[in-house]
K.L.:
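Pasting a structure below so you can have a look.
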2 protein chains.
Amino acid sequence: MSDLLQRLRARGWRLTAQRRVIAEVLDGEHVHFTADEVHARAVERLPEISRASVYNTLGELVALGEVLEVTTDGRAKRYDPNAHHPHQHLVCSGCGTMRDVRLTDDPLAALPEEERFGFAVSQVNVTYYGRCPDCVAAS
Amino acid sequence: MSDLLQRLRARGWRLTAQRRVIAEVLDGEHVHFTADEVHARAVERLPEISRASVYNTLGELVALGEVLEVTTDGRAKRYDPNAHHPHQHLVCSGCGTMRDVRLTDDPLAALPEEERFGFAVSQVNVTYYGRCPDCVAAS
DNA sequence: ATCCTATATTGGACTTTGTCCAAGTCAAGA
DNA sequence: TCTTGACTTGGACAAAGTCCAATATAGGAT
């Protein structure tokens, strides 16, 4: 993630304070923040940053393929900066925490041609649900 | 779906006009309505039915396992009465319509033990995305 | 058949999540 | 340092869904 700003500049992005702060917030392993969580953390470093800029920037990062958008239940979308290593998610149905996981097979291959109904299938989302060790112990 | 009302009565449900109409709307193959779509169709038969009752009833049907709740990216939840035949979904990224699809392999098997991190994994959701024939033709 | 009451329904206020826009600001090339 | 088009801002707006107090009713009891 540290060279994200380099890549963005190479694509003609203006490097504003807001974008830098948002990139910093998204830096790290196993980060799965909602837009509001990103905004809350960004505000700590740049108090005047607006919600609109967070939404704009996250949307642009998703469009560029630098960040993945993950929707689990009907709640807020989460943003996953680990976009360059294909992976899926394992979500705790108790507390909602999320882990990145890797599958043995490409899930696109599990959808046979006769089940595609003429769609140009381009993407697949696989999400596993279960109780995490903490939630199992607590019950 | 026709014996749904029987099962619900066996579970102590009151059979109100509202619940009957909602069950009728959900009857059929490949039905994937949003709550608002269910409401719009229910109103045709029972003009005074409220949005709150639709949300209440759908939530109860989901809790009973009679209907599945499907959340796709950023859109309204959809309700799938085909709860007794395991299947996955194929969603058009253009218009949001949805098809039931069946996979060749059980996706639970694709998550190896060392990627489960001690979770008691119980469920998996697989959703494919692509443009449907209509949306491909229109672009 | 009528009454009774727990359960269901209703409309509207409210919340959450996200989008849109006109006006002001600023990064970076000239 | 100047200029300009891209970026940011706050606030209004919208969609989806929840919550609640008041009202209505299904279905068992009488």
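Residue numbering restarts at 1 for every chain, and letters A, B, ... go by the order of the sequence lines.
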K.L.:
Check DNA chain C against residues 32-49 of chain B and give the residues with a non-hydrogen atom under 4.0 Å, in numerical order.
P.N.:
B:Glu48, B:Ile49
K.L.:
A:Val62 vs A:Leu68, test: side chain to side chain contact (heavy atoms under 4.5 Å, CB included). Steps then yes/no.
P.N.:
CA-CA 6 Å; A:Val62 168; A:Leu68 298 176; over 6 Å; no
K.L.:
If you round to the nearest 0.5 Å, how far is OH of B:Tyr79 from OG1 of B:Thr57?
P.N.:
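Going from the OG1 atom of B:Thr57 to the OH atom of B:Tyr79 covers 11.0 Å.
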K.L.:
Taking CZ from A:Arg11 and P from D:dC7, how many angstroms apart are they, rounded to a whole number?
P.N.:
14 Å
K.L.:
Just to confirm, is there a sub-4.0 Å distance from OP1 or OP2 of D:dT9 to any side-chain nitrogen or oxygen of A:Gln18?
P.N.:
yes
K.L.:
Looking at B:Tyr128 and A:Pro107, would you say the former's side chain and the latter's main chain have a donor-acceptor pair under 3.5 Å?
P.N.:
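Present.
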K.L.:
Run the side chain to side chain contact (heavy atoms under 4.5 Å, CB included) check on B:Val121 and B:Gln123 step by step: do they pass?
P.N.:
CA-CA 6 Å; B:Val121 179; B:Gln123 235 196 318; over 6 Å; no
K.L.:
Starting at CG of A:Asn56 and ending at C1' of D:dA6, how long is that distance when rounded to a whole Å?
P.N.:
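These atoms are roughly 12 Å apart.
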K.L.:
Can you list the steps and then say if A:His30 with A:Asp80 is a side-chain hydrogen bond (donor to acceptor under 3.5 Å, both in side chains)?
P.N.:
CA-CA 8 Å; A:His30 294 299; A:Asp80 182 346; over 6 Å; no
K.L.:
Between atom OG of B:Ser50 and atom CG of B:Asn56, what is the distance when rounded to the nearest 0.5 Å?
P.N.:
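Answer rounded to 0.5 Å: 7.5 Å.
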K.L.:
Salt bridge check, B:Glu69 against B:Lys77: does any charged N sit closer than 4.0 Å to a carboxylate O?
P.N.:
yes
K.L.:
Is a donor on one side and an acceptor on the other found under 3.5 Å between the side chain of A:Gln88 and the backbone of A:Val101?
P.N.:
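No; zero donor-acceptor contacts below 3.5 Å.
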K.L.:
Which whole-number value in Å describes the distance from A:Arg19 CZ to D:dT9 C1'?
P.N.:
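For the pair A:Arg19 CZ and D:dT9 C1', the rounded distance is 14 Å.
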K.L.:
State, to 0.1 Å, how close A:Leu64 and A:Arg11 come at their nearest heavy-atom pair, and which atoms those are.
P.N.:
CD2-NH1, 3.4 Å
K.L.:
Considering the terminal five base pairs at each end of the helix from C:dA1-D:dT30 to C:dA30-D:dT1, what angle separates the two local helix axes, rounded to 10°?
P.N.:
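It comes to 20° between the two terminal axes.
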K.L.:
Nucleotide range of DNA chain C contacted by chain A, 5' to 3', under 4.0 Å to a heavy atom?
P.N.:
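The contacted stretch runs from C:dT17 to C:dA28.
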K.L.:
Determine all donor-acceptor pairs shorter than 3.5 Å in which one atom belongs to a side chain in residues 32-40 of chain B; sequence neighbours excluded.
P.N.:
from: B:His32; atom 1: ND1; to: B:Met98; atom 2: O; distance (Å): 3.4
from: B:His32; atom 1: NE2; to: B:Asp100; atom 2: OD1; distance (Å): 2.6
from: B:Thr34; atom 1: OG1; to: B:Glu37; atom 2: N; distance (Å): 3.1
from: B:Glu37; atom 1: OE1; to: B:Thr34; atom 2: N; distance (Å): 2.9
from: B:Glu37; atom 1: OE1; to: B:Arg78; atom 2: NH1; distance (Å): 3.4
from: B:His39; atom 1: NE2; to: B:Ile49; atom 2: O; distance (Å): 3.1

K.L.:
Report the residues that fulfil side chain to side chain contact (heavy atoms under 4.5 Å, CB included) with A:His84, sequence neighbours left out, ordered by chain and then residue number.
P.N.:
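So A:His84 forms a side chain to side chain contact (heavy atoms under 4.5 Å, CB included) with A:Arg7, A:Glu66.
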K.L.:
What about A:Leu108 and B:Leu108, same hydrophobic cluster or not, with Ile/Leu/Val/Met/Phe/Trp/Tyr joined at side-chain heavy-atom distances under 4.5 Å?
P.N.:
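Yes, A:Leu108 connects to B:Leu108 through the hydrophobic network.
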K.L.:
Which one, D:dA16, D:dT25, D:dC7, comes nearest to the side chain of B:Arg14?
P.N.:
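Within the option list, the nearest is D:dT25.
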K.L.:
What is the separation between atom NZ on A:Lys77 and atom C1' on D:dA16, rounded to the nearest whole Å?
P.N.:
13 Å
K.L.:
Tell me: OH of A:Tyr55 to C1' of D:dG11, nearest whole Å?
P.N.:
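Those two atoms, OH and C1', are 15 Å apart.
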K.L.:
Is any side-chain heavy atom of B:Leu26 closer than 4.5 Å to one of B:Leu61?
P.N.:
yes
K.L.:
Can A:Glu60 and A:Arg19 be counted as an ion pair, charged N to O under 4.0 angstrom?
P.N.:
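Here A:Glu60 pairs with A:Arg19 in a salt bridge, since their nearest N and O are under 4.0 Å apart.
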K.L.:
Name the closest nucleotide to the A:Ser53 side chain, picking from D:dT8, D:dG11, D:dG17.
P.N.:
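The answer is D:dT8, which lies nearest to the side chain.
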K.L.:
Within this structure, what is the CZ-to-P distance between A:Arg20 and D:dC7, rounded to whole angstrom?
P.N.:
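About 14 Å, once rounded to whole Å.
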K.L.:
Please tabulate the protein-to-nucleotide N/O contacts below 3.5 Å involving nucleotides 28-30 of chain D, giving atom names and distances.
P.N.:
none

K.L.:
Look at all strands and tell whether A:Arg51 reaches a base, only sugar-phosphate, or nothing, counting heavy atoms closer than 4.0 Å.
P.N.:
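A:Arg51: base contact, heavy atoms under 4.0 Å.
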